Amino acid sequence: MSSIGISTTDTTTATGARTDEAAALIGGARERIDALDDRIIGLVQDRMAVSAVIQEARITSGGRRVNLSRETAVLGHYRDALGKPGTALAMTLLELCRGRV
């Protein structure tokens, strides 16, 4: 048993680690990932809100809801920064941000 009452087996099983030291490291890193995920979700929600403002302005002025050349630029930006998976991420973001107006 460890000093906090959790057996080594329980600690390592939850993290997939083979030692208490590795399990502690993984646990701390997972907490950081969870916090980063919360920030990312908040940023995506902010992006969705800004996109809705842009779409509303475009539609109100007689334009189309979607600007394909802008979307192509966004896809390229993510691809350049993150490689091929960045394109998939950008597509998901664009999908989340379309059609809210």
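Predicted model, so just to flag it, every value in this text is computed and none were measured. When reading the values below, keep in mind they use all heavy atoms of this one structure, side chains included, and skip hydrogens, waters and symmetry mates.
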query = Transitively linked via ILVMFWY side-chain contacts under 4.5 Å: Ile54 with Leu68?
reply = no

request  = Compare all side-chain heavy atoms of Arg65 with those of Arg98 and state whether any distance is below 4.5 angstrom.
outcome  = yes

key: Backbone of Gly63 reached by a side-chain donor or acceptor of Arg58 within 3.5 Å   = no

inquiry  = Rounded to the nearest 0.5 Å, what separates atom CG in Leu43 from atom CG in Asp38?
reply    = 11.0 Å

request  = Supply the atom-to-atom distance Asn67 CG to Arg64 CZ, rounded to the nearest 0.5 angstrom.
outcome  = 9.0 Å

Gap between atom OG1 of Thr72 and atom CZ of Arg79 - 0.5 Å precision = 9.5 Å

Side chain Ser61, main chain Ala57, donor-acceptor under 3.5 Å = yes

task = Report yes if the side chains of Val66 and Leu94 come closer than 4.5 Å at any heavy-atom pair, otherwise no.
result = no

message = Is there a continuous path of hydrophobic side-chain contacts, each under 4.5 Å between heavy atoms, that joins Leu75 to Leu89?
response = yes

query = Do the side chain of Thr15 and the main chain of Gly27 share a donor and acceptor less than 3.5 angstrom apart?
reply = no

ask   = For Arg70, does the CZ atom sit with more than 12 other heavy atoms under 6.0 Å from it, leaving out its own atoms?
value = no

query = Has the side chain of Gln55 got a donor or acceptor atom that lies under 3.5 Å from a matching backbone atom of Cys97?
reply = yes

query = For the hydrophobic clusters of this structure (ILVMFWY residues joined by side-chain heavy atoms under 4.5 Å, transitively), does one cluster hold both Leu36 and Ile26?
reply = no

query = Mind checking whether Leu93 and Ile41 sit in one hydrophobic cluster, side chains of I, L, V, M, F, W, Y counted as touching below 4.5 Å?
reply = no

remark   = Shortest non-hydrogen pair, Met48 vs Leu96, comes out as CE-O, 3.6 Å

